[in-house]
Amino acid sequence: MGSFHILPGFRDFYPDDCALRNFIFDHFRRSAQACGFEEYDAPVLEPTELFAAKSGEEIVGQLFSFEDKGGRAVAMRPEMTPSLARMVGERANSMKRPIKWFNISESFRYERPQKGRLRSFYQFNADLFGDNSPEADCEIISLGILILKSFGLAKDDFHVRLSDRKLWALFLRCSGVDDSEIPCALSVIDKIEREVPATIVANLEKIKNVDGERMFGDILAIKNIRSLENLGKFFEKFCAMEREVEDRISEFSKLLARLNAFGLGNFITVDFGIVRGLAYYTGFVFEIFERSGQSRALAGGGRYDSLIKKLGYGDLAAVGFAIGDVTLGNLLKEKGFVPTFPKNIHCFVIYSEQTEAIAMEHIFALREKNINVDHCLRPTNFSKQLKAAAQSGAKYAIIFGDSEVQMECAKVKDMETSEEKIVKIQDFVKKL
Ligand code: HAM
């Protein structure tokens with residue numbers, strides 16, 4: 001054992017792990033492109049301030065942050081959304097809308113490492129700007145479902161828990177909470193499953209005009225509602241803002257209707273237990289969970305129509321989500337959806353000391369033609385080289401034997417059928 005250890009919550013990616021990561025990323029990229037999203041990227045290190053004001057206190061407490069040599073306060077990104085909002089804000093006026101972008105990259109959060117949660121992880125992000133309709137929300141949610149389906153996961157494996165911060169805000173207003181305190185109230189509600197009731201009641205009591213016990217009861221009632229109809233009934237008894245509630249429920253119905261039109265109704269659970277921990281969300285919010293409810297969220301997102309303006313740019317509607325590689329990778333392994341990853345060597349070249357030079361010439365020429373070629377680095381006896389060829393998984397062994405080379409030929413052996421052919425060297429790229 002050496003004396004260096006990897007930091008807690010970070011991962012080494014051995015070739016098998018890299019193959020799984022690439023497999024996951026390929027699915028992300030293909031699904032995003034299938035939905036017309038374009039790829040972008042941003043720096044991993046940003047001014048701390050970008051996250052401090054925008055992401056919410058929970059994430060800010062988890063920042064990997066430090067002072068750089070120029071005395072700037074900088075942080076490794078804990079999420080992509082603030083960087084993306086800055087990038088889009090900078091160019092929003094010159095871009096055709098809706099803007100549909102995606103990214104795959106690493107983020108860092110100083111969390112307690114546990115199953116499904118690490119300090120360094122990859123996220124696929126997809127965001128849509130310049131359209132505030134439920135159809136835009138649907139475009140994002142359906143992409144999340146498309147990705148998971150592309151791995152073979154089905155409606156019995158996962159579901160999207162869909163909720164709405166606007167309806168939560170209406171509830172809070174009806175309960176007498178000032179607009180300025182709504183973000184704080186939402187963050188108390190978000191933590192309900194993680195705190196004991198006495199703490200929640202005490203936190204609610206800190207909000208002006210709130211009877212903690214009573215509001216706690218109402219919140220639990222809303223969290224158990226699973227249909228818009230029942231939500232409407234709850235509000236009827238409770239709230240004077242009928243018009244606003246009705247309008248919002250009708251927007252929610254539109255979103256559900258569009259998801260149904262995509263054939264995705266079975267993947268959706270209306271679930272007001274979802275509030276989301278990030279501060280910038282303003283409308284529909286959702287998280288994707290494994291059905292069994294065993295693991296942490298696979299993905300999360302929602303609408304954030306005021307973030308870009310808060311960064312000092314113009315008004316721009318925004319909705320997006322991110323899916324992480326950790327919980328998803330665990331789920332794929334558990335369900336047996338991870339294939340084996342061959343090394344993908346097409347040819348293994350075998351040669352002697354006498355034929356080494358000509359073999360090298362051809363190895364390089366084949367590689368230039370994007371044919372994957374491996375060899376033993378130095379000539380050893382042919383049986384050892386043939387064994388290495390078999391272990392490499394190559395489809396063909398190309399044998400530069402002394403007598404074949406004298407005839408300007410090589411022997412091509414099909415490693416599956418053991419069939420051998422003598423082929424003119426000039427012809428064998430065509431014949432492979
Ligand atoms: P989030 O819910 O914080 O949202 O993260 C999205 C997903 O990233 C999670 O569901 C999880 O799969 C993964 N993830 C987050 N933290 C960790 C961690 N410590 N270890 C492993 N995986 C993790 C966001 O980040 C928003 N920026 C998403 C978004 C994009 N909203 C709008 N656009």
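Indexing begins at 1, ligand by ligand and atom by atom, following the structure's order. When a residue number appears, it is its place in the shown sequence, counting from 1.
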_Protein heavy atom at shortest distance from atom 33 (N) of ligand 1_ = Asp127 OD2, 2.7 Å
*Does NZ or CZ of Arg86 fall inside the cone over Tyr313's six-membered ring, less than 6.0 Å from its centre and within 45° of the axis?*
no
*Out of Phe289, Phe286, Tyr304, Tyr281, whose heavy atom sits nearest atom 28 (C) of ligand 1?*
Tyr281
*Between Arg276, Gln123, Arg117, Glu79, which one has a non-hydrogen atom sitting closest to atom 11 (C) of ligand 1?*
Arg117
*asked:* Below a 4.0 angstrom heavy-atom separation, can you tell me which part of Tyr122, side chain or backbone, both or neither, approaches ligand 1?
replied: neither
*Identify the closest protein heavy atom to atom 12 (O) of ligand 1: which residue and atom is it, and at what distance?*
Leu298 O, 2.9 Å
_Once you measure the plane-to-plane angle for Phe272 and Phe252, does it fall in the parallel (<30°), tilted (30-60°) or perpendicular (>60°) bin?_
perpendicular
*Roughly how far apart are Leu311 CG and Glu90 CD, rounded to 0.5 Å?*
10.0 Å
_Taking the cut-offs as 6.0 angstrom to the six-membered ring centre and 45 degrees off its axis, would you call Arg161 and Phe289 a cation-pi pair?_
yes
*Between Leu84 and ligand 1, find which residue part has any heavy-atom pair under 4.0 Å and reply side chain, backbone, both or neither.*
neither
*Of all the non-hydrogen atoms in the protein, which one sits nearest to atom 15 (C) of ligand 1, and at what distance?*
Arg109 NH1, 3.5 Å
*Check: Thr81/Tyr280 side-chain N/O donor and acceptor closer than 3.5 Å*: yes
*Got the closest protein heavy atom to atom 24 (C) of ligand 1, with its distance?*
Leu278 CD1, 3.5 Å
*Please list, chain by chain and in numerical order, all residues satisfying salt bridge (Lys or Arg N to Asp or Glu O under 4.0 Å) with Glu334, sequence neighbours excluded.*
Lys115
*Which ligand 1 atoms are under 4.0 Å away from a heavy-atom of Gly300?*
10 (O), 28 (C)
*Which bit of Ala322 is near ligand 1, meaning a heavy atom under 4.0 Å away: side chain, backbone, both or neither?*
both
*Measure the CD1-CD1 distance between Ile371 and Ile345 for me, rounded to the nearest 0.5 Å.*
12.0 Å
*In terms of residue, atom name and distance, what is the protein heavy atom nearest to atom 20 (N) of ligand 1?*
Leu118 N, 2.9 Å
*What part of Ile288, side chain, backbone, both or neither, has a heavy atom within less than 4.0 angstrom of ligand 1?*
neither
*Could you pull out all residues at least two apart from Lys206 that satisfy salt bridge (Lys or Arg N to Asp or Glu O under 4.0 Å)?*
none
*Considering the heavy atoms of Thr327, write down every atom of ligand 1 situated less than 4.0 Å from one of them.*
12 (O)
